[in-house]
Amino acid sequence: MSSTTLDDYTDRYAQRVAGMTASEIRALFAVASRPEVVSLAGGAPYVAALPLDAVGEMLGRLGSEHGPTTLQYGIGQGTLDLREQICEVMALSGIDVACGASPEDVVVTVGGQQALDLVARLFLDPGDVVLAEGPTYVGALGVFQAAQARVVHVAMDDHGLVPEALEEAIASVRATGRRAKFLYTIPTYQNPAGVTLTDDRRERVLDICERAGLLVIEDDPYGQLGFDGEAPAPLRARRRAGVLYLSTFSKTFAPGFRVGWILAPHAVRDKLVVASEAQILCPSAFAQAAVCTYFATMPWREQLKSFREIYRERRDTLLASLADLMPAGTTWTRPGGGLFVWATLPRGLDSKAMMPRAIAARVAYVPGTGFYADGTGHQHLRLNFSFSPPERIREGVRRLAGVVEQELALRSVFAAAADDHPAATAPPAPPAPPAPPAAPAAPAVRAPTAAAVTAAATVATAPREHRRARPGADAPGPDLA
Amino acid sequence: MNAAGTAQPPDPADLRVLVLAGGLSYEREVSLRSGRRVLDALRGAGVEADLRDADVALLPALAADPPDAVVIALHGATGEDGSLRGVLDLCGVPYVGCDARAARVAWDKPSAKAVLREAGIVTPDWVALPHDRFSELGAVAVLDRIVDHLGLPLMVKPAQGGSGLGAAVVRDAAALPAAMVGCFAYDSTALVEHYVPGADIAVSIVDTGNGPRPLPPVEIAPSNGVYDYAARYTPGLTMWHVPARLSPHVEQSVAETALAAHAALGLRDLSRVDLIVDEHGRPHVLDMNVSPGLTETSLLPMAVQAAGLDLGKLLVTLAARAAARR
């Protein structure tokens, strides 16, 4: 007889591997790649709008005319040409030489994701606390989990991160005898919530962090994708010290090149370079040359404007479709830019539990649980508007509305039975032994819905600290994140 | 033609096999993994094989370049409810596995259980109800009757589906409404069974020309007691014992029961029978699979290996037998 777990390495894995298991929600996303499914789940920019022929010719020349350089190793910090180009791009947002932005302090990374990972490697020890908006970017949660850090979510409303909630979170962490290492924030067109931190709050958040000695990690992938006027200046444009600025060309050009960057204080920059060299030796010379040449020789500002116009039309379609079609009780944010709308389902509905029904109806979204460190957020879902054309977006919302209506009807049928048995409101247990009793419910962090503007109510919520069992288990893979 | 009305199987070296995988079911990811493994096994056995999704390009491709046989590695409705098999029949393309009629019955758990019980095969008591019935008759009254009639604990699962998706054990009546809601996310009809505790056993059946024969039973022991989606498809989370830790007498009984179930449902070529062996050594058939999983963690490949067979050669033999049915 043989007995096997089919994994001979189980006693050799690092602790951080625990929880890396197959996920039925991720399996459902496999269906979303089929053309029959309207996917509102992705985070993909609409790269088909790029001048693909011209980009193709440019890439060909980079190989044929500059191959000895572009196909060679490079330096760990990234090419000077690209770092200068990055400074030109950042200057558009107000991060210019006047506030100390220099190519010397830019580190080129493999997309924004490596930038996040480098930050975690430099600043996080196991057990350290990170403050982050709730909800927050699923890829950041994965990085923090891999660093074995603890995430404390800070409430948002329609105006972004709530300063009072941030103060409360800092205090509550301190009360446990610890200090949060940094605040991770996406202040502009946040992923997944779509909300933007207001001018006034930016100053307050920076003041709070400065007083608390809290480093700010500003992630700004979407800042140049605003539709309704200019976004407030980034946090880094307001403070030289205490802010590390992360961004990427994935949304302003194309994610296929995997080129991002960090703007960091000089001392931090040196360590970032060393850490990056240990990880990847150097960023791709070819990808850097491609990005650099695109920004140096092609009408990228016009292209950015084109992206904005396309996304604005699609956002308008999504918002109008939601208003026309979704059942009463559903609310959503109204982003002024970026790629995402954050929707809140009628009370009692669970976006994760509803996923199979949605897939059967040929529509996909990302359940809200993917954006919280503890997998809460069941009532919410993220909808993308950048990738699908308007008619597909409307069709997707029509299907989604049908799914929500079916779910409401089903829940109402069983509500009476659940009322007979109060415990029945808990989610169903998986097969076999009953799950251990759930921990007492933490106070709900207010979601940034249109109705959640009342700061007083939001402030009353306590921060939550989480170590997630498996970051990203409820979110799609990299092609969709 | 032989006595069964089929031609002699073609020389495997001349076979051209098409593997179908993917589809639009919840088990698409599992299917793609199964399909890739089947493809590798067939090619490893020296057969010309290709992999294709079941999409709008399939029928034109079958018409333009019909394969000698199809191996269906699709899980979920498309691969298992008989509909695709019916379409392949329309196209005159032979396939490995049972015909459309048998698949349709086996795929629908309540229908399969009825056939099994009619044949005298033990299967847990059950009731199958569409969600409409709960709204018409009142969920409280219906759920109360289910608990009264079947007793606790209960197993709730979609009437059609696999991979443990939408399934839940209910030990307390208070948890039943939530389990029903979770189940109805995957199917419009729920199967509620009396839960039988015991050892989880899977018996794969193959027929390479000498009649159906059971492969060594596989015993499933998930590390946390839950054989859910993660435990099924994450190496390291479940201990599989091959052959199962059963006494010779019980193993014999399990094998006979699986063979009887395979025959009762009119299955062909290969199948997998899932059973529980209770504390008295009595097997209870839970489920029949006409398109068993063939991933790295699937049960049929483990049984094939334990039987001393080569998966590639077995699939080639089955494909050749299917081709002879053309």
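Lettering of chains follows the sequences in order, A, B, ..., and the numbering in each one begins at 1.
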TODO: Identify the two heavy atoms, one from A:Thr5 and one from B:Trp240, that lie closest to each other, and give their separation to 0.1 Å.
DONE: O-CZ3, 3.6 Å

- [ ] List the atom of A:Met20, the atom of B:Thr234, and the distance in Å for their closest heavy-atom pair.
- [x] O-CG2, 4.0 Å

- [ ] Locate the shortest heavy-atom distance separating B:Tyr26 from A:Arg357; write the atom from each residue and the value.
- [x] OH-N, 4.3 Å

- [ ] Under 4.5 Å heavy-atom distance to chain B, tell me which part of A:Val403 shows up: side chain, backbone, both or neither.
- [x] neither

TODO: Taking atom CD of B:Glu279 as the centre, report whether more than 12 heavy atoms of other residues, nucleotides or ligands fall under 6.0 Å from it.
DONE: no

TODO: Please say whether more than 12 non-hydrogen atoms of neighbouring residues, nucleotides or ligands are located less than 6.0 Å from CZ in B:Phe134.
DONE: yes

Open item on the list: Ignoring hydrogens, what is the shortest heavy-atom contact between A:Leu6 and B:Thr297? Give both atom names and the distance.
Closed with: CD1-CA, 3.4 Å

Open item on the list: Applying a heavy-atom distance below 4.5 Å, give me the residues of residues 8-16 of chain A that approach chain B, sorted by number.
Closed with: A:Thr10

Task: Pairwise distance CG(B:Asp55) to CD(A:Glu36) - rounded to 0.5 angstrom - done: 7.0 Å

TODO: Between chain A and each of B:Glu27, B:Glu29, B:Met239, count heavy-atom pairs under 4.5 Å; write down the option with the most.
DONE: B:Met239

- [ ] Mind ranking B:Asp53, B:Val30, B:Leu237, B:Val142 by heavy-atom pairs under 4.5 Å with chain A and telling me who comes out on top?
- [x] B:Asp53

TODO: With rounding to the nearest 0.5 Å, note down the distance linking CD in B:Gln305 to OG in A:Ser2.
DONE: 7.0 Å

Task: Which atom of A:Ala22 lies closest to which atom of B:Ala230, heavy atoms considered - done: O-CB, 3.3 Å

Open item on the list: Which atoms of B:Asp187 are under 4.5 Å from chain A, going by heavy atoms: the side chain, the backbone, both sets, or neither?
Closed with: neither

Task: Region of B:Ser163 in contact with chain A, defined by heavy-atom distances below 4.5 Å - done: neither

Task: For the student: nearest non-hydrogen atoms of A:Pro356 and B:Tyr186, plus distance - done: CG-CZ, 3.2 Å

TODO: Measure B:Leu143 against the heavy atoms of chain A and call it side chain, backbone, both or neither at under 4.5 Å.
DONE: side chain

- [ ] Go through A:Thr4 and B:Val242 one step at a time and tell me if the side chain to side chain contact (heavy atoms under 4.5 Å, CB included) criterion holds.
- [x] CA-CA 8 Å; A:Thr4 178; B:Val242 200; 5.6 Å; no

TODO: Please step through side chain to side chain contact (heavy atoms under 4.5 Å, CB included) for the pair B:His131 and A:Leu410, ending with a clear verdict.
DONE: CA-CA 8 Å; B:His131 61 66; A:Leu410 184 68; 3.9 Å; yes

